[in-house]
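Taking it in order: structure first as structure tokens, then the write-up.
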Amino acid sequence: MSEYDARGKVNRALLICVDDYRHLRPLPAVRDNPGELERVLLAPGTDLFTKGEVVICRPQEPWEVEQALDAVIQEARGLLLVYFSGHGRVGRDGGNLQLMVGASERRHKTVSWQDTVLSYLDNARADRIVIVLECCYAGNAGEAFHACRAPTSLLMAAQPNRRIFSGEEPTGGSVFTRVLRQILEQGIPGKRFVTFEDLVRELRDQLAGERTPMGDVWEPRSAKQNTVDDVILSFATPGIRPPTPLRIRLRRRLNTSFRHWFRILMVLAIIAVPATAGVVLLNLPGAAAACPPALELRLLTAPEAEPALRQAAFDYEMSDANTRPLNGGGDLPDGCRRAQITVYSAAKDQVDQGFAAADRWQGEAHGTGEDGPDDKGIDPLYRPGPQPDIWIPESTADYYEARRGMPAKGSPATLHYSAPVAYTPLVVGIPAHRRLDDVEPAGASWRELLTGTDRTHRDLRLLRPSPVLSGTGLLHTLGLYLDHDGSDGASSGAPDLTLARHAEERLSAPGSQYAGSTELLCSLRPDADDAGSVDRTRSAPLVSEKSLADYNLGRATGSCPALDAPLPLRNRYVAYYPRQVPALDHPLIRVDWHGTRDATPRQAAVAGFAAWLRAADGGQRALTAQGYRGVHGTGPGAGSPLLDSRADVSLLAPTVPFRADPDQVSQVLDGYDKAQKSSQVLILLDTSTSMADGGRLPTAVRAAGRVLEMVGARHTYGLWAFPDRAHPTDADAVRELVRPGSTDPAPGRAALNRIAGGELVEHGAAMEEALTRAVRRMKKSPATNKAVVLILDQDDGAGPARAAGVERTLGTLVEERPEVPVLVLALGKNGCDTFALQRLADASHGQCVPGGPQAVDTLAGRIASIGTATKGDR
């Protein structure tokens with residue numbers, strides 16, 4: 001896993017601590033927390049924050065917290081650390097965490113974690129945000145946290161629904177913060193520095209002997225959003241500590257000197273006449289030149305590539321290529337960053353829709369975007385993020401597909417294609433103990449791979465990322481259709497639709513399509529939440545070489561965190577390389593936007609970053625160390641996971657360049673579409689008021705919106721909500737917002753916008769009754785493939801009004817023919833860990849997806865597979 005190093009950047013730490021309460025019991029131990037924590041953060045060994053970058057806030061009123069948050073989000077550009085220590089309160093349902101300030105009463109004058117803290121942090125410009133919550137019910141912050149849009153890591157002092165003793169101990173700091181300080185100040189044996197993940201593990205170990213007031217083990221929890229890499233929080237180590245790099249020391253000295261002289265110059269400018277001030281400015285001895293704000297570039301990529309490109313972007317920002325003055329230019333003082341790069345990701349379908357509706361994309365960025373009555377473009381709720389300056393898709397095929405969807409004239413976005421920056425071949429992962437006889441791993445034809453895994457031989461189930469959602473899935477499909485017999489078919493000719501249908505039959509197991517390689521492989525990990533729903537011993541994932549190596553070595557994969565060691569051989573997959581199938585080539589696309597005032601320096605900055613990415617001693621070193629193959633034909637770089645024999649990849653396999661043309665990509669996608677069966681989904685959405693708690697509603701609406709994005713002539717939908725606003729006391733009643741069988745997403749989108757705006761029902765959501773009605777309706781649907789998509793927070797039940805035997809009736813119904821899979825997105829505290837939801841998913845041959853950072857994409861992948869399911873599936 002890559003580590004984010006914020007040294008030398010403009011960092012901020014906001015320490016919010018409340019020990020003196022007017023209406024609540026005092027917390028004497030908290031009094032010492034901010035001073036002691038500030039001392040540790042500014043210690044030379046910690047080596048991240050400098051004097052003036054740590055701010056202490058002891059708020060008595062909520063506005064003081066807002067004021068402090070507003071200041072630090074405006075200033076921080078590198079790491080932003082926000083720490084809270086004080087009382088915490090939650091509602092009766094465990095949601096709506098409130099942070100209590102000095103004037104807080106039980107329900108008044110509080111700071112909302114969701115509406116205040118996260119709202120402010122979503123506007124931060126820092127590269128990384130780390131939040132530490134030390135309060136009762138800190139663990140309940142995890143639900144609303146999933147709605148956070150910034151790259152953020154969250155440390156919660158205890159598990160959900162737990163009070164803690166922190167603050168009532170003897171003075172000298174609370175127990176939790178004392179342990180946290182010790183780890184940051186002293187380091188961890190065997191570690192060169194302390195990362196966020198290291199801190200979480202050490203806190204759990206050192207607090208294992210403590211107990212909460214409820215008698216449970218005191219277990220800190222953590223979560224991450226919009227980032228899978230790790231953040232360094234201290235460079236303290238029990239071993240010999242390497243010196244701080246010279247360029248960082250110089251930059252810090254420059255920044256400190258600038259702040260010092262800036263204060264002096266401001267005083268002189270006020271007390272002197274302009275002419276005199278000008279003379280003084282010209283003759284001040286030793287005055288350091290100021291670093292102007294760096295030009296911010298936005299880099300959009302695929303979720304699988306985001307961690308590696310984040311690390312590469314950081315390396316570039318700190319490199320000489322971005323900090324030394326240009327020859328003859330004299331434009332920047334030495335040590336100042338020329339560009340700052342923000343890296344974010346979105347699924348392939350969202351990116352395609354973004355460029356297809358680029359005028360709305362740009363309008364939303366400027367606050368002028370409006371929906372026309374017949375606008376079928378992207379909705380602001382589902383857009384892929386801010387408009388990018390750079391787009392690095394997984395393959396050239398993604399670029400062709402995005403271009404195909406853009407209007408011929410009138411688009412404000414212009415895409416400028418340039419060469420690849422890294423390669424990773426495509427592979428088929430075969431279980432290590434079921435290697436294919438007489439098939440060469442480094443160069444097998446697709447015919448050999450399909451035969452070697454068919455019913456007569458290994459009977460392996462081929463699992464592929466969705467070509468609609470993933471560039472990996474698209475390129476695997478391209479290689480499969482154009483190179484089915486192993487000939488060099490990727491360079492000419494149209495796909496054979498008969499072979500396409502035959503290939504799709506092998507890839508048609510329900511639930512076999514995922515949003516990407518890492519999400520697919522995460523579902524196969526032994527420790528995954530849905531472990532057991534897929535038989536990994538009979539599965540063969542179609543993924544990329546890099547993602548398979550990361551999986552085998554136990555590195556972070558999708559939403560699965562890194563393991564302590566590589567997977568044992570029995571759980572690993574061996575990489576088989578389909579012959580002549582092109583590798584993911586990750587081209588760099590410069591995106592120009594009409595009307596941009598600073599277009600020329602922006603284009604120059606993109607060119608500089610692109611040149612560095614392709615330089616052998618620059619970006620190539622960073623990317624090959626992450627597990628990619630270089631663009632110059634060089635081998636894996638130092639530290640590359642491909643060099644580890646336990647990665648089970650073959651360095652003898654060649655890197656095949658992309659040679660297909662745009663017409664072939666279009667023909668393959670058309671062939672893929674024709675190979676699918678018709679499908680119909682009925683979205684059943686819980687719209688009780690409890691959905692508004694904990695950030696669940698935006699996630700629910702976003703998930704339903706992804707279903708609408710897949711609607712087409714042969715893929716129809718319906719949208720029901722429960723309970724019914726017109727009949728709130730009728731447990732069986734549902735609102736039929738869109739009748740099943742609709743091909744127009746506009747009515748569904750309008751209904752979701754109303755729900756997102758607060759059109760909820762103050763009544764318990766009777767899930768069993770509503771689902772029984774939905775399944776009965778879908779049993780009558782003439783569609784070849786159909787499913788119910790159930791999105792809920794929890795089963796509130798119908799109380800005394802519940803019909804007798806409704807659970808038994810529902811259980812019998814889902815098992816009857818025809819089959820109607822129930823795909824569940826469970827946003828409640830227990831996720832899918834309830835017998836009722838698991839039984840429904842299993843009995844209907846569906847799936848339950850728990851809420852989390854990847855939940856919406858995971859559900860979208862499952863929904864995409866509905867059109868491929870056939871009665872003859874294994």
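Hydrogens, waters and symmetry mates play no part in the numbers below; they use all other heavy atoms, side chains included.
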Heavy-atom check, side chain of His416 versus side chain of Gln603, under 4.5 Å: no
Pairwise side-chain contact, Tyr551 with Arg572, heavy-atom cut-off 4.5 Å (strictly under): no
Pairwise side-chain contact, Leu155 with Val200, heavy-atom cut-off 4.5 Å (strictly under): yes
Spacing of His586 atom NE2 and Leu613 atom CG [to the nearest 0.5 Å]: 12.0 Å
Check ion pair Arg125-Glu296 (N to O, under 4.0 angstrom): yes
Side chain to side chain, Arg310 and Phe314, heavy atoms closer than 4.5 Å: no
Check: Leu475 and Asp398 side chains under 4.5 Å, non-hydrogen atoms: no
Ion pair Asp198/Lys191, N-O distance below 4.0 Å: yes
Check: Arg555/Ser547 side-chain N/O donor and acceptor closer than 3.5 Å: no
Nearest heavy atoms of Asp389 and Val606, plus distance in Å: O-CG2, 4.2 Å
Atom CZ of Arg192 with >12 non-hydrogen neighbours under 6.0 angstrom: no
Atom of Pro303, atom of Pro307 and distance for their closest heavy-atom approach: O-CD, 3.6 Å
Lys NZ or Arg CZ of Arg7 over Phe235 ring: under 6.0 Å, within 45°: yes
Result of checking Arg338, Lys9, Gln340 against Glu317 for side chain to side chain donor-acceptor pair (under 3.5 Å): Lys9
Exercise: do Ser153 and Arg128 side chains pair donor with acceptor under 3.5 Å: no
Whether Ser470 side chain and Pro467 backbone form a donor-acceptor pair below 3.5 Å: no
Non-hydrogen side-chain atoms of Phe355 and Val591 separated by less than 4.5 Å: yes
Neighbour count >12 (heavy atoms, 6.0 Å) for atom CZ, Arg201: yes
Test item: Asp585 side-chain N/O and Ala422 main-chain N/O as donor-acceptor pair under 3.5 Å: no
Short side-chain donor-acceptor distance under 3.5 Å, Asp127 and Tyr4: yes
Side chains of Tyr399 and Ile589 in contact at under 4.5 Å (non-hydrogen atoms): yes
Distance-only donor-acceptor check, side chains Thr301 and Glu306, under 3.5 Å: no
Salt bridge flag under 4.0 Å for residues Glu197 and Lys224: yes
Note, Gln626 side chain near Ser640 side chain (heavy atom, < 4.5 Å): no
Heavy-atom closest contact (Ile129 atom, Ala124 atom, distance): CD1-CB, 3.9 Å
Donor-acceptor contact below 3.5 Å, side chain Arg659 vs main chain Val656: no
Test of ring centre spacing under 6.0 Å for Tyr628 and Tyr423: no
Nearest atoms (heavy-atom pairs only) where Tyr316 meets Ala605: OH-O, 4.4 Å
Atom of Pro393, atom of Pro587 and distance for their closest heavy-atom approach: CD-O, 3.3 Å
Heavy-atom closest pair, residues Ala540 and Ile430: CB-CD1, 4.1 Å
Check ion pair Asp617-Arg621 (N to O, under 4.0 angstrom): no
Distance-only side-chain donor-acceptor flag, Ser234 / Glu185, under 3.5 Å: no
Residues Asp648 and Arg646 bridged, charged N to O under 4.0 Å: no
Side-chain donor-acceptor pair present, Tyr417, Thr396, cut-off under 3.5 Å: yes
